[in-house]
Amino acid sequence: MLEHRKEKKPKKGLKELPNAVKGKVVMRFAPNPNGPPTLGSARGIILNSEYAKMYEGKFILRFDDTDPVNKRPLLEAYDWYIKDCSWLGAEPDEVVYASDRLELYYEIAEELIRKGHAYMCFCSSEEFRILKASKKACPHRDTSPKENMEWWRSALDGELSPGSAVLRIKTDITHPDPALRDFGAFRIVDVPHPRVGDKYRVWPLLDFESAVEDHMLGITHILRGKELSDSEKRQKFIYSYLGWEYPVVVHWGRIKIHEFGRLSTSSLAKAIEEGVYGGWDDPRVPSVMAFRRRGIQAEAIRRFYLSLGVDESDISVSLENLYAENRKLIDPHAKRFFMVKNPLLVEVRGAESTVANPLVHPKRTERRKIEVRAVDGVARVYVEEDEFKQLPDGRTIRLKNLYIVRKEGDCFYHVKSEFVRGELKKKKIKVIHWAPEDGLDCLLRTPEGDYRGVCEREVANHVDEVVQFERVGFARIDCVVKEGVVAYFAHK
RNA sequence: GCUCCGGUGGUGUAGUCCGGCCAAUCAUUUCAGCCUUUCGAGCUGAAGACCCGGGUUCAAAUCCCGGCCGGAGCACCA
């Protein structure tokens with residue numbers, strides 16, 4: 001019996017890439033830098049570079065910055081991408097700027113014109129759309145290569161105005177799929193490009209630029225969202241005209257993050273411009289830099305995307321999964337502190353001055369010191385206003401690591417200071433966190449908005465660390481300003 | 001309208017190509033219990049899925065047909 005079944009091995013990590021040869025794989029991530037990388041971009045960055053690593057290949061970061069108008073590149077964003085790639089552990093082996101390579105595209109365009117595969121079309125987009133819908137060729141489709149070349153040159157020379165003409169690739173105007181009928185390759189733009197200024201007036205469109213670049217860079221595998229799946233079919237026309245071989249393509253489906261909805265750079269840019277968000281690293285924005293600021297680890301994002309895998313089905317996933325990964329990474333090290341949101345200063349009557357000594361971390365032995373002074377038998381602590389108000393009158397609770405108190409009216413009465421192991425559980429005494437009267441003001445910036453609070457003074461000595469505010473959640477201490485501490489909330 | 005793609009617990013995911021070892025993997029989530037002077041973490045247990053209908057077959061999550069649902073593309077955007 002010839003049994004050559006492929007064995008069923010439960011695979012860990014990414015699936016094999018078709019036709020991938022170790023050492024020969026070249027992959028790229030090709031964003032338009034019209035904003036910073038978002039969590040969505042991180043998927044492309046991580047997956048492409050991860051596969052490149054898996055096959056000991058090459059990972060290229062290519063800026064597809066060929067639209068100075070509608071998706072105008074942001075000059076700062078180029079560096080944002082480079083920085084975020086390396087932060088994500090996806091250091092590019094090479095960085096390519098499409099806006100530097102217009103001459104190359106022009107050469108290829110001219111070759112296609114000469115061979116009769118491209119023509120200058122003077123229809124308005126509206127006219128062309130109608131013709132295309134009825135599978136009719138436009139009147140310019142049969143112009144001779146020679147005449148096309150003349151028109152093309154006059155476009156390059158600036159003799160044609162924006163919108164008056166477009167260079168089209170001939171495909172099959174009767175193709176059953178309307179998406180594949182003669183597509184645009186170049187258009188005329190007279191808006192200066194942020195990087196190269198007004199050096200060029202004829203800019204390629206994605207399907208042309210990307211097609212040429214992928215071939216020139218020797219890309220072997222393309223991994224991208226399925227919204228670009230028709231690109232492959234369109235670009236293959238160019239490849240066949242030029243005798244090139246198209247890379248292997250793998251698509252992933254659309255991702256929707258429960259907490260943020262769809263990730264669109266342009267809509268975020270608009271919201272930032274309108275002042276809805278403070279900037280690209282506002283904690284309410286799903287940019288990589290915002291996640292970093294909140295203390296989300298690059299490794300957590302990487303694991304998150306690796307666990308989603310590559311599949312064409314659309315997914316709608318909760319950030320809980322990302323947070324769970326992050327928690328596993330930071331919890332072993334995050335120091336614990338008290339921070340009270342929406343604080344209410346409450347008197348503790350019958351108290352003496354004391355020092356609380358909570359553990360810095362449950363798995364370690366160091367303790368921190370929080371002084372609580374009492375004057376004439378009255379101490380004051382901050383607790384969460386809501387929590388205090390919801391406490392029934394007469395209820396006994398423990399202020400964590402401090403003492404047991406009983407609520408009466410709008411203040412607490414000291415009950416006892418000794419801590420007896422097991423007592424809280426046995427008597428079902430609730431334990432709440434608190435902050436000292438002389439604590440620091442703390443601004444906690446979260447994806448749901450900002451909170452004012454008070455935290456231990458020690459927090460100010462941990463800038464740039466990810467800490468855990470007990471019973472509140474993990475946060476990264478961003479900075480200390482004269483008003484107090486600014487912290488960015490990560491997650492519970 | 002035309003073309004293409006997808007559908008496994010609440011959410012992701014493995015398994016689908018090459019049918020049996022799948023009364024379906026792992027993670028997350030939720031709920032209990034233990035532990036910890038905290039939320040979390042950890043440990044233990046529980047909950048929860050093959051879109052529907054036919055067909056092929058000894059055998060279907062897996063192959064075929066039809067339906068339903070969801071998504072994408074049809075730009076002088078990427």
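Here is how names work: the chains are called A, B, and so on, in the same order as the sequence lines, proteins then strands, and each is numbered from 1.
Annotation: side chain to side chain donor-acceptor pair (under 3.5 Å) contacts of A:E232 (sequence neighbours excluded): A:K236.
With hydrogens and angles left out, the side-chain atoms of A:E312 and A:W252 include no donor and acceptor closer than 3.5 Å.
Around atom NZ of A:K427, no more than 12 heavy atoms belonging to other residues, nucleotides or ligands sit under 6.0 Å away.
Side-chain atoms of A:R234 lie closest to B:C74 of the nucleotides B:A72, B:C74, B:G12. The nucleotide whose nearest atom lies closest to any side-chain atom of A:A179 is, among B:G40, B:C74, B:A78, B:C74. Out of B:C77, B:G40, B:G73, the shortest distance to the side chain of A:L205 is found at B:C77. Side-chain proximity of A:K15 to B:C5, B:A78, B:A14: nearest is B:A14. When distances run from any side-chain atom of A:K492 to the nucleotides B:C39, B:C76, B:G6, the shortest one goes to B:C39. The side chain of A:N321 has B:U28 as its nearest neighbour among B:U28, B:G73, B:A41. The A:D64 side chain lies nearest to B:A78 when the options are B:A78, B:U28, B:A41. Of all nucleotides listed (B:G40, B:A75, B:C76), B:A75 comes nearest to the side chain of A:K132.
The side chain of A:K328 contributes no N or O atom lying less than 4.0 Å from OP1 or OP2 of B:A27. Phosphate contact (OP1/OP2 of B:U29, side-chain N/O of A:R327, threshold under 4.0 Å): present. Close to B:G70, at under 4.0 Å from its OP1 or OP2, lies no side-chain N or O of A:R254. The side chain of A:N32 places no N or O atom within less than 4.0 Å of a non-bridging phosphate oxygen (OP1 or OP2) of B:A78. Under 4.0 angstrom from either OP1 or OP2 of B:A78 there lies at least one side-chain N or O belonging to A:T66. Remark: A:R181 is not in phosphate contact with B:C2, judged by side-chain N or O atoms under 4.0 Å from OP1 or OP2. For the pair A:R471 and B:U37, the criterion of a side-chain N or O lying under 4.0 Å from OP1 or OP2 is not met.
With A:R395 contributing its side chain and A:R406 its backbone, the two residues share no donor-acceptor pair below 3.5 Å.
A:S210 comes within 4.0 angstrom of nothing in the nucleic acid, heavy atoms only. Within the 4.0 angstrom heavy-atom criterion, only backbone atoms of the sugar-phosphate kind lie near A:L308; the bases stay farther away. Looking at heavy-atom distances under 4.0 Å, A:G163 makes contact with a base. Note on A:R129: only backbone sugar-phosphate atoms sit closer than 4.0 angstrom, heavy atoms only; bases stay farther off. As judged by a 4.0 angstrom heavy-atom cut-off over every strand, A:V317 is placed among residues touching the sugar-phosphate backbone only. Counting any heavy atom pair closer than 4.0 Å across all strands shown, A:S307 reaches sugar-phosphate atoms only and no base atom. Looking at heavy-atom distances under 4.0 Å, A:P176 makes contact with sugar-phosphate atoms alone, never a base. At the heavy-atom level, A:D67 lies under 4.0 Å from the strands shown only through sugar-phosphate atoms.
A cation-pi contact, defined as under 6.0 Å to the ring centre and within 45° of the axis, is absent between A:K170 and A:F237. Under a cutoff of 6.0 Å and an axis angle of 45°, A:R168 and A:F128 form a cation-pi pair. Because its NZ or CZ atom is not both nearer than 6.0 Å to the ring centre of A:F59 and within 45° of the ring axis, A:R28 does not count as a cation-pi partner of that residue.
With the nearest nucleotide of RNA chain B identified for both A:N401 and A:A324, A:A324 has the one nearer the 5' end. Map A:F474 and A:S231 each onto its nearest nucleotide of RNA chain B; the residue landing nearer the 5' end is A:F474.
The interatomic distance linking A:L359 (CG) with B:C39 (P) rounds to 14 Å, in whole Å. Summarising the geometry, the separation between CD on A:E470 and C1' on B:A41 is reported as 13 Å, rounded to the nearest angstrom.
Base-pairing analysis of RNA chain B finds the following stems of at least three consecutive Watson-Crick or G-U pairs, with both pairing distances under 3.5 Å: B:1-7 with B:68-74, B:10-12 with B:26-28, B:29-34 with B:42-47, B:51-55 with B:63-67.
The residue from A:K341, A:K335, A:R336, A:R368 that alone fulfils the salt bridge (Lys or Arg N to Asp or Glu O under 4.0 Å) condition with A:E470 is A:R368.
If you check distances only, the side chain of A:D314 never reaches the base of B:G6 with a donor-acceptor pair under 3.5 Å.
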